[in-house]
Amino acid sequence: HWKYSIPQMQLTSPVLSPDGKLLAVQAAEVDSYRTKVVVFDNATGQIVAERNSKDTLEMAFLPNCNTLAITKSGIVSEEPIELWAVKKAP
């Protein structure tokens, strides 16, 4: 079992990939509006990918286990769903 944390960041909304190998979370800087999506490798507990993300509402992995669907705030009508092909860091 891993205890996931990033210094000075609050992690929320965990989403597990269908194969259980990846865990995506929303990460918000404490006392700031900066946010990002971070993906951990469940086997090692290490961060394998991250990207800046503003106003993320929900996330879900597609069945291929390497694509993350990200919805935004929902404040504006017709906001697109972003598909992020998660590339593991070397």
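All residue numbers refer to positions in the sequence shown, counting from 1.
For Ala69, the side-chain contact (heavy atoms from CB on, under 4.5 Å) partners at least two apart in sequence or on another chain are Leu62, Ile81, Leu83. Residues forming a ring-ring contact (aromatic ring centres under 6.0 Å, His included) with Phe40 (at least two apart in sequence, or on another chain): Tyr4.
The environment of Arg51 atom CZ is dense: over 12 non-hydrogen atoms of other residues, nucleotides or ligands sit within 6.0 angstrom.
The pair Lys36-Glu29 fails the salt-bridge criterion, with no side-chain N (NZ, NE, NH1 or NH2) lying under 4.0 Å from an Asp/Glu carboxylate O.
For Ile70 against Ser53, the heavy-atom pair with the smallest separation is CG2-OG, 4.4 Å. Looking at every heavy atom in both residues, Phe61 comes nearest to Leu22 through CZ-CB, 3.9 Å. Contact between Asp19 and Lys21 at its shortest, heavy atoms only, is OD1-N, 3.0 Å. Here the closest heavy-atom approach between residue Val25 and residue Met59 is recorded as C-CE, 3.8 Å. Heavy-atom minimum distance, Gln26 versus Leu57: NE2-O, 3.7 Å.
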| side chain to side chain contact (heavy atoms under 4.5 Å, CB included) assessment of Asn42 paired with Leu16 | CA-CA 9 Å; Asn42 266 343; Leu16 192 62; 3.0 Å; yes
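Side-chain atoms of Ser17 do not come within 3.5 Å of backbone N or O of Cys65 as any donor-acceptor pair. Side-chain N or O atoms of Asp41 include none that pairs as donor or acceptor with a backbone N or O of Val48 at under 3.5 Å.
A distance of 12.0 Å separates CD in Gln10 from OG in Ser32, rounded to the nearest 0.5 Å.
Residues Val37 and Leu68 are in side-chain contact: their nearest non-hydrogen atoms beyond the backbone lie under 4.5 Å apart. Side-chain contact check for Thr56 versus Lys72: some heavy-atom pair is nearer than 4.5 Å.
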